[in-house]
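Residue numbers run from 1 in the order of the sequence given. Basis for what follows: all heavy atoms, side chains included, without hydrogens, waters or symmetry-related copies.
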Amino acid sequence: MAVGEKDGGTSTISGSARERARVALGPAAWRLRREWQWRQAGVRARLDRVPVDGFEHTVATHRTPIFRELAGVDRRLQENKAVNLAIAAGRLDGCVLRPGQRMSFWRLVGRPSRRRGFKVGLVLRQGEVDEGVGGGLCQMTNLLYWMTVHSPLTVVERWRHTYDVFPDNGRTQPFGSGATCSWPVLDLQLENRTAATFRLSLTVDETHLVGAWTSDRAPLHTYEVYEADHVMTNDLPGVFTRRNVLRRRVLDADGHEVDDELLAVNEGRLMYQPFLGSGDVPRAVRTLEAG
């Protein structure tokens with residue numbers, strides 16, 4: 001539906017009315033679009049949940065700290081994030097992805113609302129730190145994406161962060177190796193195009209979010225994710241953009257490389273002053289490729 005559509009060169013709805021309609025109809029329209037996409041793609045509202053028995057082959061694991069020292073950020077928001085992560089983990093832990101099935105993060109987790117127990121947590125809007133109900137769930141989509149690119153599963157929808165908010169101090173993964181989420185527009189969807197069945201494990205302990213993909217079959221390959229073509233450019237006075245390419249090496253059971261695949265091309269505006277050394281600001285700052 002086009003709100004404020006012009007008829008004969010004259011707007012049929014006033015500007016203020018258009019804005020009220022946009023605010024009122026926007027979320028509903030996006031929900032309908034997403035529901036249609038889920039139906040078209042055959043995304044199930046529920047996946048089978050099974051015990052760990054029979055999934056003895058570990059494919060990928062990862063863990064990330066829940067609490068970080070962030071200047072000026074109320075710790076309450078991180079404590080609330082832990083609650084939000086625990087609710088989402090309760091919806092996803094034990095789910096199995098059988099051959100041919102597709103998994104949607106938001107279809108399984110559902111809308112993060114106060115009524116369902118979600119709390120106000122930390123969110124990023126246009127590169128700025130803010131608050132919102134369900135804040136912090138992108139930590140889970142980040143973890144899911146990172147584990148999945150270390151598995152034979154296929155990422156069919158992933159949204160990258162458009163801002164690089166925090167400097168690299170303590171960064172253990174390449175820039176752009178996460179996946180952001182926002183109900184219901186920005187989803188993370190995975191598909192099983194193999195003959196094996198995979199089980200997802202997700203837990204929230206006192207300090208970390210912990211995840212694993214296990215399978216009923218021994219994996220044929222292992223994966224090494226690395227970045228290439230990393231560059232920071234000074235586009236305008238005080239405006240820096242960071243770009244890189246994510247790739248992964250596919251290794252056979254003997255550790256021999258059998259393929260090198262493109263995963264993603266990333267670009268994000270830096271929300272901090274990069275370290276460029278002394279002297280004039282160069283047009284581009286390149287780093288060594290991380291292998």
What's the shortest heavy-atom distance between Gln173 and Ser177, and which atoms?
NE2-OG, 3.2 Å
Transitively linked via ILVMFWY side-chain contacts under 4.5 Å: Leu97 with Val156?
no
Could you tell me whether the side chain of Asp252 and the main chain of Asp254 form a donor-acceptor pair under 3.5 Å?
yes
Has Asn234 got a side-chain atom pairing as donor or acceptor with Leu236's backbone, closer than 3.5 angstrom?
yes
Quick one: pull up CH2 in Trp36 and CZ in Arg39 and give me the separation to the nearest 0.5 Å.
12.5 Å
I need the Glu227 CD to Asn266 CG distance, nearest 0.5 Å.
9.0 Å
Single-linkage hydrophobic cluster Leu200~Tyr223, side-chain heavy atoms < 4.5 angstrom
no
Rounded distance (nearest 0.5 Å) linking atom CG of Asn192 with atom OG of Ser151:
8.5 Å
Taking the side chain as every heavy atom from C-beta outward, state whether Arg199 and Ser201 have any pair of such atoms under 4.5 Å apart.
yes
If we ignore hydrogens and angles and just use 3.5 Å, is the side chain of Gln139 paired with the main-chain N or O of Pro65 as donor and acceptor?
yes
How long is the straight-line distance from OG1 of Thr141 back to CD of Gln189, given to the nearest 0.5 Å?
12.5 Å
Tightest non-hydrogen contact, residues Gly110 and Arg116, listed as C-NH1, 3.4 Å
ILVMFWY cluster, Val258 and Leu220 together (side-chain gap under 4.5 Å):
no
Note, Thr64 side chain near Trp146 side chain (heavy atom, < 4.5 Å):
no
Determine whether a donor-acceptor pair (N or O, by modelled atom type, separation under 3.5 Å) exists between the side chain of Asn84 and the backbone of Gly135.
yes
With side chains defined as the heavy atoms from C-beta onward, is the minimum distance between Glu267 and Thr241 less than 4.5 Å?
yes
Shortest non-hydrogen contact between Val204 and Ala89, atoms and distance:
CG2-CB, 4.3 Å
Is it the case that one hydrophobic cluster holds both Leu47 and Val155, taking links as side-chain heavy atoms less than 4.5 Å apart, direct or via other members?
yes
NE2 of His62 to CG of Leu202, rounded to nearest 0.5 Å, is 12.0 Å
Run through Asn244, Leu246, Asp260 and flag the one making a side chain to side chain contact (heavy atoms under 4.5 Å, CB included) with Tyr226.
Asp260
What heavy-atom pair brings Pro152 and Val59 nearest, and what distance separates the two atoms?
CD-CG1, 3.8 Å
Does some side-chain heavy atom of Thr154 sit less than 4.5 Å from a side-chain heavy atom of Thr194?
no
Given side chains that start at C-beta, do those of Val109 and Met140 come closer than 4.5 Å, heavy atoms only?
no
Side-chain heavy atoms of Arg34 within contact of Val185, under 4.5 Å
no
Decide side-chain contact (heavy atoms from CB on, under 4.5 Å) for Gln78 and Leu122; before the verdict, give the C-alpha distance in whole Å, the side-chain angles of both, and the deciding distance to 0.1 Å.
CA-CA 7 Å; Gln78 298 198 59; Leu122 182 69; 5.5 Å; no
Could you walk me through whether Trp213 and Met147 pass the side-chain contact (heavy atoms from CB on, under 4.5 Å) test, one step at a time?
CA-CA 7 Å; Trp213 279 117; Met147 291 198 306; 3.8 Å; yes
Suppose we screen for ring pair (Phe, Tyr, Trp, His ring centres under 6.0 Å). Which residues come up paired with His208, at least two apart in sequence or across chains?
none
Of all heavy-atom pairs linking Pro112 and Leu137, the shortest is CB-CD1, 4.3 Å
Please list all pairs meeting side chain to side chain donor-acceptor pair (under 3.5 Å) that have one or both residues in residues 40-61, counting only residues at least two apart or in different chains.
Asp48-Arg98
Is a side-chain N or O of Asp216 found less than 3.5 angstrom from the main chain of Thr197, in a donor-acceptor match?
yes
Restricting to ring pair (Phe, Tyr, Trp, His ring centres under 6.0 Å), what partner residues turn up for Trp106, sequence neighbours left out?
Trp183
Going through the checks in order, is the side-chain contact (heavy atoms from CB on, under 4.5 Å) test met by Asp229 and Arg243?
CA-CA 8 Å; Asp229 301 326; Arg243 300 175 178 86; over 6 Å; no
Just verifying a value: how many Å separate Arg102 CZ and Leu153 CG, rounded to the nearest 0.5 Å?
12.5 Å
Leu85 versus Lys81: any side-chain heavy-atom pair under 4.5 Å?
yes
If you compare all heavy atoms of Val83 against all heavy atoms of Gly117, which two are closest, and at what distance to 0.1 Å?
CG1-O, 4.0 Å
Do Val149 and Val250 sit in the same hydrophobic cluster, where Ile, Leu, Val, Met, Phe, Trp and Tyr count as joined when their side-chain heavy atoms come under 4.5 Å apart?
no
Going through the distances and angles, do Met103 and Thr148 end up as a side-chain contact (heavy atoms from CB on, under 4.5 Å)?
CA-CA 12 Å; Met103 166 188 162; Thr148 300; over 6 Å; no
Is any side-chain heavy atom of Glu257 less than 4.5 Å from a side-chain heavy atom of Leu251?
yes
Could you tell me whether Glu157 and Arg107 make a salt bridge, using a distance below 4.0 angstrom between a side-chain N and a carboxylate O?
no
